[in-house]
Amino acid sequence: MKLTKLLALGLVVGIAGWWWLGPVVNGPRVAAEATPAVPAPAAAEPATLVAPTRGAPAAMASTAAPAAPSTSPPAAAPARPADGSALLLPVQGITAAQLQDTFTDARSEGRVHDAIDILAPAGTPVLAVADGTIEKLFNSDRGGLTVYQFEPGGRYCYYYAHLERYADGLAEKQTVTRGQVIGYVGSTGNASPAAPHLHFEIHTLGPEKHWWEGASLNPYPVLRGEQRLP
């Protein structure tokens, strides 16, 4: 009887031990042992950083030696004529190619134009064609706001008409220089508001030096550089 009990007890202990120490189908321990451990990936070696390449500037890419600087002296500016033989175009921004010869055009009451009209937007600066003196500022029915300028030698008078206004500070007997702004293009007097322009004349002065008198010269070839003043 004792032997039977001992055998039964040993069987129970064996089964319990096998259950405890042996593999368990369902349980966290079996799952952990059944799944082989995945080795951690080896740390990747850091990539070697390569500085980005940039194209060399054109000036650096060329291996040719830079051209030697020119030793030629700059071209001299044309000398300003002292005799009034060459005149500046009197409307800023207008070129000689834009001029039109209207010197002999007919005008009302049988008159001849005796001048050229230089079309330009209202307010365009009007420039002194040469050095000289403002002899007279006058507002007439036909010419509107006008300027009579004498050249220093007293041989010629330059007449600017239909001005929108005078340059600030312009006054009679004032000395002006070639290229100085003396007024602005307009349509005063009998000029059409739809076609603002500068009416420009050249007169030869007599011994009396009357600003309102003188023989007219055609400004067209003079302003184009095709003819000198006599």
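All figures in this text were calculated on a predicted structure; none of them were measured in a lab. We're numbering straight along the sequence, starting at 1.
At most 12 heavy atoms of other shown residues, nucleotides or ligands fall within 6.0 angstrom of atom CD in Gln100.
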Between Leu87 and Ile202, does the side chain to side chain contact (heavy atoms under 4.5 Å, CB included) criterion hold? Intermediate values first, please.
CA-CA 11 Å; Leu87 300 180; Ile202 303 174; 3.7 Å; yes
Starting from the C-alpha separation in whole Å, work towards a yes-or-no answer on side chain to side chain contact (heavy atoms under 4.5 Å, CB included) for Leu89 and Leu99.
CA-CA 10 Å; Leu89 286 170; Leu99 299 180; 3.5 Å; yes
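For the atom pair Asp101 CG and Asp117 CG, the distance stands at 11.0 Å (nearest 0.5 Å). Here the straight-line distance linking atom CG of Asp131 with atom OG1 of Thr177 works out to 6.0 Å at 0.5 Å rounding. One finds the CD1 atom of Ile118 at 11.0 Å from the OG1 atom of Thr124 (value rounded to the nearest 0.5 Å). Here the straight-line distance linking atom CD1 of Ile182 with atom CD1 of Ile134 works out to 5.0 Å at 0.5 Å rounding.
In this structure, Ser216 and His203 have side chains that are in contact, with non-hydrogen atoms separated by less than 4.5 Å. Pro90 places a side-chain heavy atom less than 4.5 Å from the side chain of Leu223. Residues Leu127 and Val181 form a side-chain contact, since some pair of their non-hydrogen atoms from C-beta on lies under 4.5 Å apart. Counting heavy atoms from C-beta on, the side chains of Gln149 and Lys136 never come closer than 4.5 Å.
The aromatic rings of Tyr158 and Phe200 sit parallel, their planes meeting at an angle under 30°, below the 60° perpendicular limit. A perpendicular orientation is assigned to the rings of His199 and Tyr159, their planes being inclined by more than 60° (bins at 30° and 60°).
In this structure a side-chain-to-backbone donor-acceptor pair under 3.5 Å is missing from Arg142 to Asn190. Using modelled atom types, one side-chain atom of Glu151 and one backbone atom of Gly153 make a donor-acceptor pair closer than 3.5 Å. For Thr133 (side chain) and Phe150 (main-chain N/O), no donor-acceptor pair under 3.5 Å exists by modelled atom type.
Val129 is not connected to Tyr148 by any chain of hydrophobic side-chain contacts under 4.5 Å among Ile, Leu, Val, Met, Phe, Trp and Tyr, and they are in different clusters. Leu198 and Val176 fall within a single hydrophobic cluster, where Ile, Leu, Val, Met, Phe, Trp and Tyr are joined by side-chain heavy atoms under 4.5 Å apart, directly or via other members. Taken together through direct or relayed side-chain contacts under 4.5 Å among Ile, Leu, Val, Met, Phe, Trp and Tyr, Val91 and Tyr220 form part of one hydrophobic cluster. Under a hydrophobic clustering in which Ile, Leu, Val, Met, Phe, Trp and Tyr are joined whenever their side-chain heavy atoms come within less than 4.5 Å, directly or via other members, Tyr160 and Leu119 fall into different clusters. Residues Val185 and Leu137 share a single hydrophobic cluster, defined by chaining ILVMFWY side chains whose heavy atoms lie under 4.5 Å apart.
Within the 6.0 Å centre-distance limit, the rings of Trp211 and Phe138 are counted as a close aromatic pair.
Minimum heavy-atom separation, Gln174 to Gly169: OE1-O, 3.2 Å. The minimum heavy-atom distance between Ser192 and Ser187, with the atom names listed, is O-CB, 3.5 Å. Scanning both residues, Glu201 and Ala115, for their nearest heavy atoms gives CG-CB, 3.2 Å. Asn218 and Ile116 get closest at one heavy-atom pair: OD1-CG2, 4.1 Å. When all heavy atoms are compared, the tightest approach of His197 to Ala191 is CE1-CB, 3.7 Å. The two atoms that bring Ala96 and Arg224 nearest to each other are O-NH1, 3.0 Å, heavy atoms only.
Between Tyr184 and the choices Pro121, Pro196, Pro125, the side-chain contact (heavy atoms from CB on, under 4.5 Å) rule is met once, by Pro125.
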